[in-house]
Chemist: 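Here you go, one structure.
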Protein chains: 2
Amino acid sequence: MPTDHIVKSFDDDLKRLDNIIAEMGGLAEVQLANAIEGLLKRDSEKANRVIASDKQLDALEQEVDALAVQMLALRQPMANDLRVVITALRTASIIERIGDYAKNIAKRTVAISQAAPTGPTKTIGRMGKQVQSMIKNVLDAYITRDAAKAEDVRVSDTEVDDLHTSLFRELLTYMMEDPGNITACTHLLFIAKNIERMGDHATNIAENVLFLVTGSAPDEDRIKGDDSSFVVEADCDSKTKATS
Amino acid sequence: MPTDHIVKSFDDDLKRLDNIIAEMGGLAEVQLANAIEGLLKRDSEKANRVIASDKQLDALEQEVDALAVQMLALRQPMANDLRVVITALRTASIIERIGDYAKNIAKRTVAISQAAPTGPTKTIGRMGKQVQSMIKNVLDAYITRDAAKAEDVRVSDTEVDDLHTSLFRELLTYMMEDPGNITACTHLLFIAKNIERMGDHATNIAENVLFLVTGSAPDEDRIKGDDSSFVVEADCDSKTKATS
């Protein structure tokens, strides 16, 4: 609804939109970093703080939604400006989902806080670091409208997918070797999947940036490297191989 | 870009938007049904058809995107009409993601196609049926702008969450009892999670319908019933309990 006191220009609104999204990106990055640190140190207190902080991302997304809808209604932007507003809406929604994954990692960290840290946890740490830098870089690419940087993020996701697929096998092996590992490893499987999905979401933002800058989505789907859904058996020397 | 031959009314465009979304909803429902049937019958051929059909949903989402952006640019809708277009954009994106989950179930079905069907598979079948009817009902609610029906869908998601949490424990138990079950059960864990997420997405559509009809999002977050992220150990009599 138009109100009299709105006198700012469309560009001011766009800038505000970008600022909120930059803030969301920074927050999502910190949430992931803290979730991973909480996991590596089995620090339930830190994990609980991550769970509590997720509300901030939700609130910021709602701010983007409200501002974007207001801009569409009041400014009735055309062509490129319209594209910017739609992309902002999408990007905020993706960052909010990245935050949800960080929150889920934190929840699972609380569940396994009594289990001893195992080898795969460190690989998860490495995946986390990689995705954290993807989130940082793709938000930089978004704010500066940098197509080359967005493309770099898009391409780098295959490394995360590869890490995830090998981690999936590694965790299955751990579970087979000692059924006592099963509950903790199952949570680690989902944590690894969460990080892999965060990488996918960073890739989605990259594709939105490419659309924003070049006016068209990338021609080809990124070569999908996450083959964990196809894993038929654990790649291990364990005598207790899967019967499948 | 305006072209001369566009003479249809805004209402015609809205109707077309709704038609594509109804088509998407029907397709997502069928994809889920086929994915579950493929899983229950260990039918890789059916599963592969589900994987191949996902492209249709992607194409329909792009159609919604293009039409919605065109409507925003050409018609510059205000207030309620604007809300309808934004909701259509969001709904199409959610249905596309529901389709992605069906596709992932199919991929995992192929991976475990040689494993014997086990008890939990049947529970997954029940979850699938429930989510299938949620998808059907929420799309009906969307097309007929029926807030009461949307609210029913929102509330019914807690049953799916409860099924999922108990299934999670059940699958952990199977894995502990026989490490030979681990690979297949791991895929079943992710399949169950996929269905649970589809229920969440149906709930998200329901919330969008409520927003569309009432003008405001539901006051309270739905009581989140999926506690599987918090499961500390399998609820079983197995001697090989988790050490966590």
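Each chain gets a letter, A, B and so on, in the order the sequences are listed, and its residues count up from 1.
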Chemist: Given that the side chain runs from C-beta out, which part of B/Arg83 has a heavy atom under 4.5 Å from chain A: side chain, backbone, both or neither?
Modeler: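 Neither the backbone nor the side chain of B/Arg83 comes within 4.5 Å of chain A.
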Chemist: Nearest 0.5 angstrom please: A/Thr183 OG1 to B/Phe168 CZ, how far?
Modeler: 7.5 Å
Chemist: Heavy-atom pairs under 4.5 Å with chain A - which of B/His187, B/Arg90, B/Gln62 has more of them than the others?
Modeler: B/His187
Chemist: Is it the backbone or the side chain of B/Ile86 that comes under 4.5 Å from a heavy atom of chain A, or both, or neither?
Modeler: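 Side chain of B/Ile86 only, per the 4.5 Å heavy-atom cut-off to chain A.
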Chemist: Closest heavy-atom contact between B/Met175 and A/Thr186?
Modeler: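 Scanning both residues completely, I find the closest heavy atoms to be CE-OG1, 4.2 Å.
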Chemist: Kindly give the heavy-atom pair with the smallest separation between B/Leu189 and A/Phe190, and that separation in Å.
Modeler: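 It is O-CZ, 3.8 Å.
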Chemist: What's the separation between atom CZ in B/Arg97 and atom CZ in A/Arg97, rounded to the nearest 0.5 Å?
Modeler: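 Going from CZ on B/Arg97 over to CZ on A/Arg97, the span is 3.5 Å.
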Chemist: Can you measure from CG (B/Leu172) to SG (A/Cys185) and round to the nearest 0.5 angstrom?
Modeler: 11.0 Å
Chemist: Less than 4.5 Å to any heavy atom of chain A: does that hold for the side chain of B/Ile191, its backbone, both, or neither?
Modeler: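 Contact with chain A involves no heavy atom of B/Ile191 at all.
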Chemist: Work out which heavy atom in B/Ser229 is nearest to a heavy atom in A/Ala111; give both atom names and the distance.
Modeler: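 Nearest heavy atoms, B/Ser229 then A/Ala111: O-CB, 3.5 Å.
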Chemist: For B/Val69 and A/Leu82, which heavy atoms make the closest approach, and how far apart are they?
Modeler: O-CD2, 3.5 Å
